[in-house]
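Heads up: the structure comes next, in structure tokens.
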Amino acid sequence: MAPVAGFRSRVLAAVRRIPAGRVATYGDIAAAAGSPRASRAVGNIMRGCKAAGVPCHRVVAAGGRLGGFGGRGQLKRDLLRAEGVPVVGSRIREFAARRWTKFPPRLDRTEPGAPASA
DNA sequence: AATCTGACTGTTG
DNA sequence: CCAACAGCCAGAT
């Protein structure tokens, strides 16, 4: 069977599903698209993300870092802060808590990865 | 088809 | 914390 859709389509769809006030890493988007190692490819797609309706500014780098934004890291920071995402320098506060994934964490079980505190 | 590129990531120093 | 290196992936040339 051929893939359900182009890698790019799935990536854009995933980015679009990121709710305001939340962020996802390139790796998360890549995973949502079916290739958890294609973070780089996701970045390349984001680079051409000129289409409105695609909150490419909500896609950040791992570790809660801003990542790139066509050299406009400042703009990306402002956009995120405007949506309620506190950013200090090149880092996002409470990154783990604001990190969005298509697989919601299970809180009904004491598992590592759940935002136990803060 | 082969090579280069890059809004990435993890490891090592 | 930052710099350098290596691994990985999809798209463009």
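Convention: sequence-line order gives letters A, B, ...; per-chain numbering from 1. Keep in mind it's a predicted model, so treat the numbers as computed, not measured.
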Between [X] ([atom1]) and [N] ([atom2]), how many Å, whole number?
X        : N      : atom1 : atom2 : answer
Ile29(A) : dT9(B) : CD1   : P     : 11 Å
Lys76(A) : dC8(B) : NZ    : C1'   : 11 Å
Arg47(A) : dC8(B) : CZ    : C1'   : 14 Å
Leu12(A) : dA7(B) : CG    : C1'   : 14 Å
Asp28(A) : dT9(B) : CG    : C1'   : 12 Å
Tyr26(A) : dC8(C) : OH    : C1'   : 17 Å
Arg99(A) : dT9(B) : CZ    : C1'   : 12 Å
Leu66(A) : dC2(C) : CG    : P     : 13 Å

>> Categorize Ala41(A) for me: base, sugar-phosphate, or nothing, with a 4.0 angstrom heavy-atom threshold over every strand shown.
In response: base

> So what does Phe7(A) hit on the nucleic acid, given a heavy-atom distance under 4.0 Å: a base, only sugar-phosphate, or nothing?
Replying inline: sugar-phosphate

> Relative to the 5' end of DNA chain C, which residue comes earlier, Ile45(A) or Arg91(A), by the nucleotide with the nearest heavy atom?
Replying inline: Arg91(A)

> Between Lys76(A) and His57(A), what is the shortest heavy-atom contact and its length?
Replying inline: CE-O, 3.4 Å

> Which pair of non-hydrogen atoms, one from Phe7(A) and one from Ala38(A), has the smallest distance, and what is that distance?
Replying inline: CZ-CB, 3.7 Å

>> I'd like to know if Arg58(A) and Glu83(A) make a salt bridge, using a cut-off of under 4.0 Å between side-chain N and carboxylate O.
In response: yes

> For dA10(C), does either OP1 or OP2 sit under 4.0 Å from a side-chain N or O belonging to Ser35(A)?
Replying inline: yes

>> Using only modelled atom types and a 3.5 angstrom limit, is any donor from either the side chain of Arg40(A) or the base of dC8(C) paired with an acceptor on the other?
In response: yes

>> Lys102(A) vs Ile18(A), test: side-chain contact (heavy atoms from CB on, under 4.5 Å). Steps then yes/no.
In response: CA-CA 9 Å; Lys102(A) 72 179 294 188; Ile18(A) 304 174; over 6 Å; no

Among [options], find the nucleotide with the atom closest to the side chain of [X].
X        : options                 : result
Asn44(A) : dC8(B), dA10(C), dA7(B) : dA10(C)
Arg65(A) : dA7(B), dG11(C), dT9(B) : dT9(B)
Phe69(A) : dA7(B), dT9(B), dC8(C)  : dA7(B)

>> Whether the side chain of Arg91(A) engages the backbone of Val88(A) through a donor-acceptor N/O pair (distance < 3.5 Å, no angle test) should be reported.
In response: no

